[in-house]
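So the structure is just underneath, and the comments pick up after that.
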Amino acid sequence: MLLILLAVLLLPYLVAPLYRAGHPISTLMAWRWLTGAPVSRQWINFNAISPALPRSVVASEDARFCSHHGIDWDALRDVIDDAGDGEVTRGGSTITQQVAKNLFLWPGRSVVRKVLEIPLALWIDLVLPKQRTLEIYLNIAEFGPSGQFGAEAGATYAFGHPASGLSPREAALLAAILPNPVRRSARNPGPGVRRLAGTYTARAQATGLRRCWSENHVF
């Protein structure tokens, strides 16, 4: 039993380097397929996505994505401090942590999952380029209320056109629903989603173009 447990724990570390190529799926997508729930996902390469979307997602989900190594330790300390004060006002997870969770772990709040997630995120940042990590995230994140995964399916559902044609406002609306695309809608955004989208649009514009990886790719 111990050997089986060890093998299960080590498997993500062996598989993660293989995701430098291919079209990986999330555990949630796999679960929905197994249970017969609808799943819609069309993989789209990073360079085919409107540049407004990665800018908006980084602005909304992980402002230090380009500088940290998988974990934003300052944000994590803030979460721990908030929890110690009895307040849980933020998630603190980086995009890399969300990739680790979506590819290999399970949704929901769990101390056990977080303990497994942190070293795995550090490993993913070590073995995958930043651009590839963000590309995977934009293709496995849930962007719709009924099984729409990835930017292409999310853009088609919300706006009727592919992710390559997203405007800055549309990209910000998609970024605004990422915490809960079942309760939040980019297709019919409420006041809260519109307000968040305006904030993320401003943040993305203020950030401007910045180098995020060694391949000299700029977004």
Nearest 0.5 Å please: distance from the CD1 atom of Ile71 over to the CD1 atom of Ile118. 5.0 Å
Using atom types as modelled and distance alone, determine if a side-chain donor or acceptor of Arg41 lies under 3.5 Å from a backbone N or O of Gly150. no
Ser40 and Gln42 have their tightest heavy-atom pair at OG-NE2, 3.3 Å
Is the cationic atom of Arg187 (NZ for Lys, CZ for Arg) positioned less than 6.0 Å from the six-membered ring centroid of Tyr157 and within 45 degrees of its normal? yes
Nearest 0.5 Å please: distance from the CG atom of Asn47 over to the CD atom of Gln131. 5.5 Å
Do the side chain of Arg184 and the main chain of Leu178 share a donor and acceptor less than 3.5 angstrom apart? no
Can you confirm whether more than 12 heavy atoms, excluding those of His69, are under 6.0 Å from its NE2 atom? no
Are Glu135 and Thr133 linked by a side-chain donor-acceptor pair shorter than 3.5 Å? no
Interatomic distance, Glu142 atom CD to Asn180 atom CG [nearest 0.5 angstrom]: 8.0 Å
Does any pair with a residue in residues 21-40 pass ring pair (Phe, Tyr, Trp, His ring centres under 6.0 Å), and if so which ones, sequence neighbours excluded? His23-Trp43
So, does Thr201 use its side chain to make a donor-acceptor pair with the main chain of Arg169 at under 3.5 Å? no
Which heavy atom of Leu174 sits nearest to which heavy atom of Ala158, and what is that distance? CD2-CB, 4.4 Å
Taking every heavy atom of Ala52 against every heavy atom of Pro168, the minimum-distance pair comes out as CB-CA, 3.8 Å
Taking Ser60 for the side chain and Val57 for the main chain, is one N or O donor matched with an acceptor at less than 3.5 Å? yes
Could you pull out every donor-acceptor pair under 3.5 Å between side chains of residues 120-129 and any protein atom, sequence neighbours left out?
from: Trp123; atom 1: NE1; to: Tyr13; atom 2: O; distance (Å): 2.9
from: Asp125; atom 1: OD1; to: Lys130; atom 2: NZ; distance (Å): 3.1

In short, Phe149 meets Ser26 closest at the heavy-atom pair CE2-OG, 4.3 Å
Reported CD1-to-CD distance for the pair Ile44 and Glu152, which is rounded to 0.5 angstrom: 4.0 Å
Do Glu61 and Gln98 meet the criterion of a side-chain donor-acceptor pair at a distance under 3.5 Å? yes
Side-chain donor-acceptor contact under 3.5 Å, His68 with Asp74: no
If you compare all heavy atoms of Trp106 against all heavy atoms of Arg113, which two are closest, and at what distance to 0.1 Å? O-CD, 2.8 Å
Main-chain N/O of Tyr19 paired with Arg132 side-chain donor or acceptor, under 3.5 Å: yes
Spacing of CG belonging to Asn102 relative to CD belonging to Gln97, to within rounding of 0.5 Å: 11.5 Å
Taking all non-hydrogen atoms of both residues, which atom of Ala172 and which atom of Ala197 are closest, and how far apart? CB-O, 3.3 Å
Rounded to the nearest 0.5 angstrom, the CG-CD1 distance for Asp72 and Ile95 is 11.0 Å
Can you establish whether the number of heavy atoms outside Leu14 located under 6.0 Å from its atom CG is more than 12? yes
Strictly distance-based, threshold 3.5 Å: is any side-chain N or O of Ser50 a donor or acceptor partner for the main-chain N or O of Ser164? no
